[in-house]
Chemist: 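Provided herewith is a single structure, encoded as structure tokens, for subsequent inquiry.
Note that the coordinates shown come from a computational prediction; the quantities given were computed from them, not determined experimentally.
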Amino acid sequence: MRTGVVFLLLLVLVGGAGYVGWVLVQRSEPVALPETTGSFQVGRRTYEWTDTPRRDPYSNGPRRLAVWLWYPVAKDTTGRHVQYAPDDWSGLHLKAPISVFQGPFDTLQDRALDRVAVAPGRFPVVVLMPGMGLSAPMYAALAEDLASHGYLVAGVTPTYSANLTVLGGQTVESKPDANPPNLGESTEGAMQVGDHLVGVWAADARFAAGMVAKELPNSVETAVGASYVGHSFGGAASLEACRLDARCAAAVDLDGMQFGDVVTKGVKAPIMLLGADDSCITSVCGPDAKDGQDRNRALSLLKASTGTAWCATVPGTRHFNFTDYGVYYLAYPLRRFLPLGKADPRHALTITNGYLNTFLSHAIYKTAAPGAPVCKS
């Protein structure tokens, strides 16, 4: 019996070591962001902007933000491709020991060109807000596809809410007040915290929209206002920013429970709510939803909104299918424990990009309406 137990242990150890070795080989293979579907190439620049009049509620100084800008570039432009997560931004990678099951960022090939000229013409501004704890760089697949269709996409990383941002060459980590651990709970206290925090994020989004116009005055389409797109808590912030922005062209919430005054006051501009299989943020619960606490807020939002609203569930998805985790190399068992659905991750991003581009084009340019059904309140 003892011999058998030892033999089984040896098999487990050898098998485990062999699997880890296989993973190390697989994770070293290059992986590319999805090809963009628009007619432009894409450029990327990074900024650090200070909202001087606004005091940061989580520090002693004015509000400072790291903003990544993806933008359309003429097809014949050449240049150096950007690093997906340069310098201290590489800290967005998962930490050891689980990091062995995620592909390194330096093997992730980014299609954007580094700081090249913006394509001639004027383009609408889209502000992209991440999920709570996440950072704007982790949405490059969505941002670059939007930019290829002729949008100036400003990805905002909300300082102290993101697990990591980089300002002044220094990493800045989250703070509990700005990244509350109880945000996903259905308690009254958690809702009040979210309702307050979403106002900070909405102010970040609106500030970024204004700064793009100042930074690129000859490239911004001034005939229309900014549009706001966000994932998770960033989706709630996008809706709230749109409510507060009298010139808002459109807003998109990607699988985010709604917070703030927008829940009861609604939005005047067109909106789109895209949910995962396990959520109810569209007011209709997906097939895998187990807790419908987000449904009532969505119903209230839709009832109060006066603009047309479109709702859809992206089949086979869970919460992280709207992020670049759908692109990263993720080995078992890591992938199983992340909120990724059974749909092919790249296909899920393709569907999401299709919805985004069709909806924004309709809202801004009055092209054909999205294929998603109009929401029912």
Chemist: Mark yes when over 12 heavy atoms from residues, nucleotides or ligands other than Lys175 sit less than 6.0 Å from its NZ; otherwise mark no.
Modeler: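 Counting neighbours around NZ of Lys175, more than 12 heavy atoms of other residues, nucleotides or ligands fall under 6.0 Å, so yes.
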Chemist: In this structure, are over 12 heavy atoms from other groups packed under 6.0 Å from Arg115 atom CZ?
Modeler: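 Not buried by this count: 12 neighbours or fewer within 6.0 Å.
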Chemist: Do any N or O atoms from the side chain of Asp324 and from the backbone of Val327 form a donor-acceptor pair under 3.5 angstrom?
Modeler: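 No, the answer is negative, given that no donor and acceptor are paired below the 3.5 Å cut-off.
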Chemist: Between Asp195 and Arg297, is there a side-chain N and carboxylate O pair less than 4.0 Å apart?
Modeler: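 Salt bridge flag = yes for Arg297 with Asp195.
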Chemist: How many angstroms lie between atom CG of Asp344 and atom OG1 of Thr350, to the nearest 0.5 angstrom?
Modeler: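 Reported to 0.5 Å precision, the distance equals 8.0 Å.
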Chemist: Among side-chain atoms of Thr165 and Thr157, is any donor-acceptor pair under 3.5 angstrom?
Modeler: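 No - no donor-acceptor pair under 3.5 Å links their side chains.
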Chemist: Find the distance between OG1 (Thr264) and NZ (Lys303) and round it off to the nearest 0.5 Å.
Modeler: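 Taking OG1 in Thr264 and NZ in Lys303, the distance rounds to 12.0 Å.
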Chemist: Can a donor-acceptor pair be found, under 3.5 Å and without considering hydrogens, that links the side chain of His231 to the backbone of Phe320?
Modeler: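 Judged by distance alone, no pair lies under 3.5 Å.
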Chemist: Going only through I, L, V, M, F, W and Y residues with side-chain contacts under 4.5 Å, is there a path from Phe233 to Leu239?
Modeler: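 Per the 4.5 Å side-chain linkage, Phe233 and Leu239 are not co-clustered.
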Chemist: Output yes when Arg111 and Asp145 qualify as a salt bridge under the 4.0 Å nitrogen-oxygen rule, no when they do not.
Modeler: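 Salt bridge between Arg111 and Asp145, a charged N being under 4.0 Å from a carboxylate O: no.
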Chemist: For the CG atom of Leu254 and the CD1 atom of Ile281, what is their distance to the nearest 0.5 Å?
Modeler: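 The CG atom of Leu254 sits 8.0 Å away from the CD1 atom of Ile281.
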Chemist: What about Val127 and Val252, same hydrophobic cluster or not, with Ile/Leu/Val/Met/Phe/Trp/Tyr joined at side-chain heavy-atom distances under 4.5 Å?
Modeler: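 Not linked; separate clusters.
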Chemist: Indicate the ring-plane relationship of Tyr328 and Tyr84, choosing parallel, tilted or perpendicular according to the 30° and 60° boundaries.
Modeler: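 Because their plane-to-plane angle is over 60°, the rings of Tyr328 and Tyr84 count as perpendicular.
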Chemist: Going by side-chain contact (heavy atoms from CB on, under 4.5 Å), Tyr160 matches just one of Asn179, Asp56, Asp177. Which one?
Modeler: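 Running side-chain contact (heavy atoms from CB on, under 4.5 Å) over Asn179, Asp56, Asp177 with Tyr160 returns exactly one hit, Asp56.
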Chemist: Just how far is it from atom CD of Gln41 to atom OG1 of Thr78, taken to the nearest 0.5 Å?
Modeler: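 One gets 8.5 Å once the value is rounded to the nearest 0.5 Å.
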Chemist: According to a hydrophobic-cluster definition based on side-chain heavy atoms being under 4.5 Å apart (Ile, Leu, Val, Met, Phe, Trp, Tyr only), do Leu152 and Leu356 belong together?
Modeler: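 The answer is no; the residues belong to distinct hydrophobic clusters.
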Chemist: Going by heavy atoms in the side chains, are Arg206 and Cys248 under 4.5 Å from each other?
Modeler: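 Sidechains of Cys248 and Arg206: no contact.
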Chemist: Mind listing the closest non-hydrogen atom pair of Pro180 and Val193 along with its distance?
Modeler: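 Minimum heavy-atom separation between Pro180 and Val193: CG-CG1, 3.5 Å.
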Chemist: Using 30° and 60° as the class limits, which term best fits the ring planes of Phe207 and Trp49: parallel, tilted or perpendicular?
Modeler: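 Aromatic pair Phe207/Trp49 classed perpendicular.
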Chemist: Indicate yes or no for a side-chain donor-acceptor contact from Ser361 to the backbone of Thr358 under 3.5 Å, with no hydrogens or angles considered.
Modeler: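 The answer is no, because no donor-acceptor pair under 3.5 Å joins these two groups.
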Chemist: What closest approach, in Å, do Val156 and Ala208 show between heavy atoms, and which atom pair accounts for it?
Modeler: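 Result for this residue pair: CG2-CB, 3.5 Å.
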Chemist: Give, for atom SG of Cys242 and atom CZ of Arg247, the distance between the pair rounded to the nearest 0.5 Å.
Modeler: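 If I round to the nearest 0.5 Å, the distance is 12.0 Å.
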Chemist: Testing the basics here: between Val220 and Arg122, what is the closest heavy-atom pair and its distance to 0.1 Å?
Modeler: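 Minimum heavy-atom contact is O-NH1, 2.8 Å.
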Chemist: If the test is side-chain contact (heavy atoms from CB on, under 4.5 Å), which one of Asn296, Leu299, Thr313, Asp294 qualifies with Cys280?
Modeler: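 Running side-chain contact (heavy atoms from CB on, under 4.5 Å) over Asn296, Leu299, Thr313, Asp294 with Cys280 returns exactly one hit, Asp294.
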Chemist: Any donor-acceptor pair under 3.5 Å linking the side chain of Asp110 with the backbone of Val82?
Modeler: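 Such a contact is absent between Asp110 side chain and Val82 backbone.
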Chemist: Does a side-chain heavy-atom distance below 4.5 Å link Thr317 with Ile351?
Modeler: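 A side-chain contact under 4.5 Å is absent here.
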Chemist: Quick one: does any side-chain atom of Lys265 pair with a main-chain N or O of Arg243 as donor and acceptor, under 3.5 Å?
Modeler: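 Not confirmed, Lys265 side chain does not pair with Arg243 backbone.
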Chemist: Do Phe123 and Trp70 sit in one hydrophobic cluster, given that two such residues count as connected whenever their side-chain heavy atoms are within less than 4.5 Å of each other, even indirectly?
Modeler: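 Result: no, two separate clusters.
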Chemist: Check whether Gln258 reaches the backbone of Leu301 with its side chain - one donor and one acceptor, N or O, closer than 3.5 Å.
Modeler: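 The answer is no, because no donor-acceptor pair under 3.5 Å joins these two groups.
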Chemist: Could you walk me through whether Met132 and Leu197 pass the side chain to side chain contact (heavy atoms under 4.5 Å, CB included) test, one step at a time?
Modeler: CA-CA 11 Å; Met132 179 62 69; Leu197 184 57; 3.4 Å; yes
Chemist: Sub-3.5 Å donor-acceptor pair from the side chain of Arg295 to the main-chain atoms of Ser283, do we have one?
Modeler: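 Yes; judged by distance alone, with no hydrogens or angles, the pair exists.
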Chemist: So, do Pro287 and Pro315 sit near enough that their side-chain heavy atoms are less than 4.5 Å apart?
Modeler: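 Answer no - side chains too far apart.
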Chemist: Would you say CD of Gln293 has more than 12 non-hydrogen atoms from neighbouring residues, nucleotides or ligands within 6.0 angstrom?
Modeler: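 Correct, the count exceeds 12.
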Chemist: Could you report the tightest heavy-atom contact between Pro72 and Ala147, atom names first, then the distance?
Modeler: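 Heavy atoms of Pro72 and Ala147 come nearest at CB-O, 3.5 Å.
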Chemist: Would you name the heavy atoms of Asn321 and Ala348 that are closest together and state the gap between them?
Modeler: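 Taking every non-hydrogen atom into account, ND2-CB, 4.1 Å.
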Chemist: Under the criterion side chain to side chain contact (heavy atoms under 4.5 Å, CB included), I'd like the reasoning laid out for His81 against Leu113: C-alpha separation, chi angles, the key distance, then a yes or no.
Modeler: CA-CA 4 Å; His81 288 270; Leu113 299 176; 3.8 Å; yes
Chemist: Is there side-chain contact between Asp277 and Lys342, with heavy atoms separated by less than 4.5 Å?
Modeler: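 They are in side-chain contact.
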Chemist: Would a single hydrophobic cluster contain both Tyr47 and Trp201, if residues Ile, Leu, Val, Met, Phe, Trp and Tyr are joined by side-chain heavy-atom contacts under 4.5 Å?
Modeler: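 Result: yes, single cluster for both.
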Chemist: Evaluate His149 against Thr37 for side chain to side chain contact (heavy atoms under 4.5 Å, CB included), listing each step before the verdict.
Modeler: CA-CA 7 Å; His149 284 265; Thr37 59; 2.7 Å; yes
Chemist: Backbone N or O of Ser161 within a donor-acceptor pair of the Ser174 side chain at under 3.5 Å?
Modeler: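 No, Ser174 side chain to Ser161 backbone: no donor-acceptor pair under 3.5 Å.
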Chemist: Are there over 12 heavy-atom neighbours, none belonging to Lys95, within less than 6.0 Å of that residue's NZ?
Modeler: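 Enclosed: over 12 neighbouring heavy atoms sit under 6.0 Å from NZ of Lys95.
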Chemist: Any side-chain heavy-atom pair from His362 and Thr367 closer than 4.5 angstrom?
Modeler: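 The answer is yes; the side chains approach within 4.5 Å.
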Chemist: With the side chain counted from C-beta on, respond yes when Val118 and Arg45 share a heavy-atom pair under 4.5 Å apart, and no when they do not.
Modeler: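 They are in contact (side-chain heavy atoms under 4.5 Å apart), so the answer is yes.
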Chemist: Going through the distances and angles, do His93 and Gln102 end up as a side chain to side chain contact (heavy atoms under 4.5 Å, CB included)?
Modeler: CA-CA 8 Å; His93 197 280; Gln102 179 186 351; 3.5 Å; yes
Chemist: Can you give me the closest heavy-atom contact between Gly150 and Pro124, atom names plus distance?
Modeler: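 Closest heavy-atom pair between Gly150 and Pro124: O-CD, 3.4 Å.
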Chemist: With a sphere of 6.0 Å drawn around NZ of Lys75, does it hold more than 12 non-hydrogen atoms of other residues, nucleotides or ligands?
Modeler: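 For Lys75, atom NZ is crowded (more than 12 foreign heavy atoms under 6.0 Å).
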Chemist: Output yes when a side-chain donor or acceptor of Tyr325 lies under 3.5 Å from a complementary backbone atom of Met138, and no otherwise.
Modeler: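 Not confirmed, Tyr325 side chain does not pair with Met138 backbone.
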Chemist: Indicate yes or no: at least one non-hydrogen side-chain atom of Leu334 is less than 4.5 angstrom from one of Leu94.
Modeler: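 Answer yes - side chains close enough.
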Chemist: Does either side chain, that of Ser279 or that of Asp255, offer a donor lying less than 3.5 Å from an acceptor on the other one?
Modeler: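 Yes - a donor-acceptor pair under 3.5 Å links their side chains.
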Chemist: How about Glu240 and Phe259: do any of their side-chain heavy atoms sit closer than 4.5 Å?
Modeler: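 A side-chain contact under 4.5 Å is absent here.
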Chemist: Where the side chain of Ser135 meets the backbone of Pro137, is there a donor-acceptor pair that is under 3.5 Å apart?
Modeler: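 Between the backbone of Pro137 and the side chain of Ser135 there is no qualifying donor-acceptor contact (under 3.5 Å).
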Chemist: Nearest 0.5 angstrom please: Ser232 OG to Met129 CE, how far?
Modeler: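 Here the rounded value is 11.5 Å.
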Chemist: From the options Thr159, Asp51, Asp204, select the one residue that forms a side chain to side chain donor-acceptor pair (under 3.5 Å) with Arg63.
Modeler: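 Between Arg63 and the candidates, side chain to side chain donor-acceptor pair (under 3.5 Å) is satisfied uniquely by Asp204.
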